Structure formats: C-alpha cells, structure tokens
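Inspection log for the structure reproduced underneath, given as structure tokens.
Side chains included, hydrogens not; waters and symmetry mates left out as well; all remaining heavy atoms used. Everything numeric here is computed off the predicted structure, so don't read it as measured data. For the single chain, residues carry numbers from 1 onward in sequence order.
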Amino acid sequence: MGDYIQMGSWTGAAHAFWMRHDGNKYRAQYTKLAMPTTNVTVMNDLGGTSYGIFKIIHYPNTPLSYPSDTSFSWPNPSLRKIQAVDQYNNPFGDEKNWKFRDWNGNLADRINPRVFSIISGTPQIRAEFRRIHPITVQNKLIDIDGNTGTVQFKDPLGSNSYEDKTSPFSRGDIFENELESPYGIGAPGFTDANEVRWGFLSWSDGGNQQHNITITGPITYTATYKAHLATFSPTGTSSNNQRKIAKASNGTLLMVYESADRIW
C-alpha cells in the first residue's frame, strides 16, 4: 500500500493533506476530520417569555431569520454574527411595546448585530428586551397659551448628558425602569422672539429644574415658565395697580406686581 506522510491541513482542521508513496509515485490524498461542536440555543427574552425571531448573518452578508429558541450545533471554536429584531409593538395584546436592550443581561453589551465567539462555554445566546413607553417633555408659559422655547432631555443610553430640545419634545421608546442609569429632564431659561426673558418656575412632577425620572408608563412632563418682571393682566399697570417699587431698610429695591393670579 505504500507509506503515508502527513503534509498539513486546509480549511482549518476540516481536512488533512497526506502524500502517499506508491512505488515511484507520490499521490495527494485528503481525509476529512471530525471537528468538535457545541450546542447553542439562541432566543429572545421578553420579560421571561420567548418570542419572535432573530437573524443570523451568514457569509458574506446574507441574513436568515430563525424563530426564538432555535438550537444549533456549531463548530467549536467558530464565529457567528447574530442580529436581534429591534422592536416588537404590542406582541401580547396588552398595549405594551418591547425594544432590544442588551445581550445576556449584560447592561453594557448593546451592539446589534453582534459577532459571538462560539466555544464550549456558550450554551445560550439571549437577546434581552425591555418594555418601552412614550413620553413628552414640554413648556407652559404663564399667561400665554403657548408651548415654545427649549427643554432638556438626558438619555443614559445615548450621550448621558442633558441636551437641548425644542418644546414639545417626544420620544416613543423610553425603557421602563431603566436599569443602568436614569433618564433626566431639564428646563433652561430662554429669551423669546420678543426679547422677553422666561425663567423656570416648576415641573408638573414637582422635580427640580434638572432632575432624574423613572418611566413606568406613558407620561407628559410640563415645565411652567414665568416671564421676568412681566404681567399680561390688562389691569396690572393701570390706575393705582401698576408695578410699585419700594426700598427696604437694607437698601434692597423691591418690585411688586400681579401676574397669573399671584403677587410677585
């Protein structure tokens, strides 16, 4: 039968390359080798319920869909590119929407799609989804039927800093009871087109000018603003009701006037 000399392998460990000596000739012979594999289950977790589909992006860039809780027998080691479907709207008929949050409960692991290393310690790959709700952040200007100016919003999964937004500002995908760090809202002062200065007075939830919020359902946050030294009452500056200036004993100047059913 001749002598065999192993020369190497190709396509990883899938095939071994042999040279067979048969008389005065050498012949190439390939033998397919068994590769170790590991069983992996891929699933979507919507609050403890497996639901929906996910995608595996095959070489070169072909995504194929599979139902949640599909098991695979993959070479060990190998790489697999997996994509979670971003959002499910009202999947259980309870008017609750769900959005992809992270992989395997790791709050910082949010890349989607993601390349996973398949090794023997990878029994499951789990796409975690969380409930989401719509919110609106807006201004209310005392004595004016208007919603203008600027509000602020802090997204812990974005820049995690307070960013200026035009009022009213709305988002429909705010995670319920966000686990990493809270969302936030702010009410900066602003000057309108008539050069009237508006200052923060109060939030509808009683929070400070900038404060964290925790979302448990659809909600609107309203920041009330008061125009600086301004009254929109037609009698506020007539006859004996105009603004009065008085000097306190310590030299402080005080101005008194009516606005929004209050004395300022």
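Looking at Arg130 and Leu179, their side chains come closer than 4.5 Å, going by heavy atoms from C-beta outward. Looking at Pro77 and Ile118, their side chains never come closer than 4.5 Å, going by heavy atoms from C-beta outward. In this structure, the side chains of Ile135 and Tyr183 stay at 4.5 Å or more apart for every pair of heavy atoms. Taking the side chain as every heavy atom from C-beta outward, Ile215 and Asn177 never approach each other to under 4.5 Å. Counting only heavy atoms from C-beta outward, the side chains of Ile185 and Ile213 approach each other to under 4.5 Å.
Nearest heavy atoms, Phe100 versus Asn112: CE2-CB, 3.8 Å. A pairwise comparison of heavy atoms in Gly149 and Asn139 identifies C-ND2, 3.8 Å as the closest pair. Looking at every heavy atom in both residues, Trp98 comes nearest to Gly47 through CZ3-N, 3.4 Å. The two atoms that bring Pro188 and Thr150 nearest to each other are CD-O, 3.8 Å, heavy atoms only. Closest approach of Glu180 to Pro156, counting heavy atoms only: OE1-O, 4.2 Å.
For residues 37-67, the ring-ring contact (aromatic ring centres under 6.0 Å, His included) pairs, not counting sequence neighbours, are Tyr51-Tyr88, Tyr51-Phe92, Phe54-Tyr66, Tyr66-Phe72.
Remark: Asn106 pairs with no residue by the side-chain hydrogen bond (donor to acceptor under 3.5 Å, both in side chains) rule, at least two apart or across chains. In this structure, the salt bridge (charged side-chain N to carboxylate O under 4.0 Å, His left out) partners of Asp109, at least two apart in sequence or on a different chain, are Arg114.
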Go through the steps to decide whether Thr41 and Ser71 satisfy the test side chain to side chain donor-acceptor pair (under 3.5 Å), and finish with yes or no.
CA-CA 4 Å; Thr41 299; Ser71 295; 2.8 Å; yes

Test side chain to side chain donor-acceptor pair (under 3.5 Å) applied to Ser167 and Gln138, step by step:
CA-CA 5 Å; Ser167 174; Gln138 63 184 13; 5.9 Å; no

Test side-chain contact (heavy atoms from CB on, under 4.5 Å) on Trp74 and Leu79; report intermediate values, then the result.
CA-CA 9 Å; Trp74 282 328; Leu79 299 175; over 6 Å; no

Pair Arg171, Asp155 - check side-chain contact (heavy atoms from CB on, under 4.5 Å), show working.
CA-CA 11 Å; Arg171 278 272 299 267; Asp155 185 352; 3.4 Å; yes

In sequence, state the C-alpha distance, the side-chain angles, and the governing distance for Phe175 and Leu157, and then conclude on side-chain contact (heavy atoms from CB on, under 4.5 Å).
CA-CA 10 Å; Phe175 284 108; Leu157 306 181; 3.4 Å; yes

Please report the C-alpha distance between Thr38 and Ile119 in whole Å, then the side-chain angles of each, then the deciding distance to 0.1 Å, and finally whether the side-chain contact (heavy atoms from CB on, under 4.5 Å) criterion is met.
CA-CA 7 Å; Thr38 188; Ile119 56 177; over 6 Å; no

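If you check the side chains of Gln210 and Asn208, you find no donor sitting under 3.5 Å from an acceptor. Between the side chains of Asn212 and Lys154, at least one donor N or O sits under 3.5 Å from an acceptor N or O. A donor and an acceptor atom, one from each side chain of Thr136 and Ser170, are located under 3.5 Å apart. Residues Asn90 and Glu95 have side chains that never bring a donor and an acceptor to within less than 3.5 angstrom of each other.
In this structure, Asp192 contributes its side chain and Asn194 its backbone to a donor-acceptor pair below 3.5 Å. No donor-acceptor distance shorter than 3.5 angstrom exists from the side chain of Ser68 to the backbone of Met43, with no hydrogens or angles considered. Although no hydrogens or angles enter the test, the distance criterion places no donor-acceptor pair under 3.5 Å between the side chain of Thr191 and the main chain of Arg197. In this structure, the side chain of Gln209 engages the main chain of Ala187 through a donor-acceptor pair within 3.5 Å.
Atom-to-atom distance recorded for Asp69:CG and Asn44:CG is 9.0 Å, nearest 0.5 angstrom. Taking CH2 from Trp203 and CZ from Phe200, the interatomic distance works out to 7.0 Å, rounded to the nearest 0.5 Å. Taking CG of Asn97 as the reference point, atom CG of Asp173 lies at 10.0 Å (rounded to 0.5 Å). The structure places NZ of Lys165 at 10.5 Å from CD of Gln152, a figure rounded to the nearest 0.5 Å. Distance check: Thr122 OG1 to Arg80 CZ gives 12.0 Å after rounding to the nearest 0.5 Å. Note that CD1 of Ile219 and CG of Asp205 are 7.0 Å apart. Values are rounded to the nearest 0.5 Å.
A salt bridge does not link Arg110 with Asp102: none of the charged nitrogens is closer than 4.0 Å to a carboxylate oxygen. Between Glu178 and Arg101, at least one side-chain nitrogen of the basic residue sits less than 4.0 Å from a carboxylate oxygen of the acidic one, meeting the salt-bridge criterion.
Annotation for Lys55: atom NZ does not count as buried by contact number, only 12 or fewer foreign heavy atoms lying within 6.0 Å. Within a 6.0 Å radius of CG in Leu64, other residues, nucleotides and ligands contribute more than 12 heavy atoms. Enclosure of atom NZ in Lys140 is not indicated, since only 12 or fewer non-hydrogen atoms of other residues, nucleotides or ligands lie within 6.0 angstrom.
Note on Ile132: it clusters hydrophobically with Val137, by side-chain heavy-atom contacts below 4.5 Å among ILVMFWY residues. A chain of hydrophobic side-chain contacts below 4.5 Å, direct or via other Ile, Leu, Val, Met, Phe, Trp or Tyr residues, connects Ile125 to Leu46.
Between Pro113 and the choices Ile56, Ile57, Ile82, the side-chain contact (heavy atoms from CB on, under 4.5 Å) rule is met once, by Ile57.
Between Trp198 and Phe190, the ring planes are parallel. Angles under 30° get that label, and only those over 60° would be called perpendicular.
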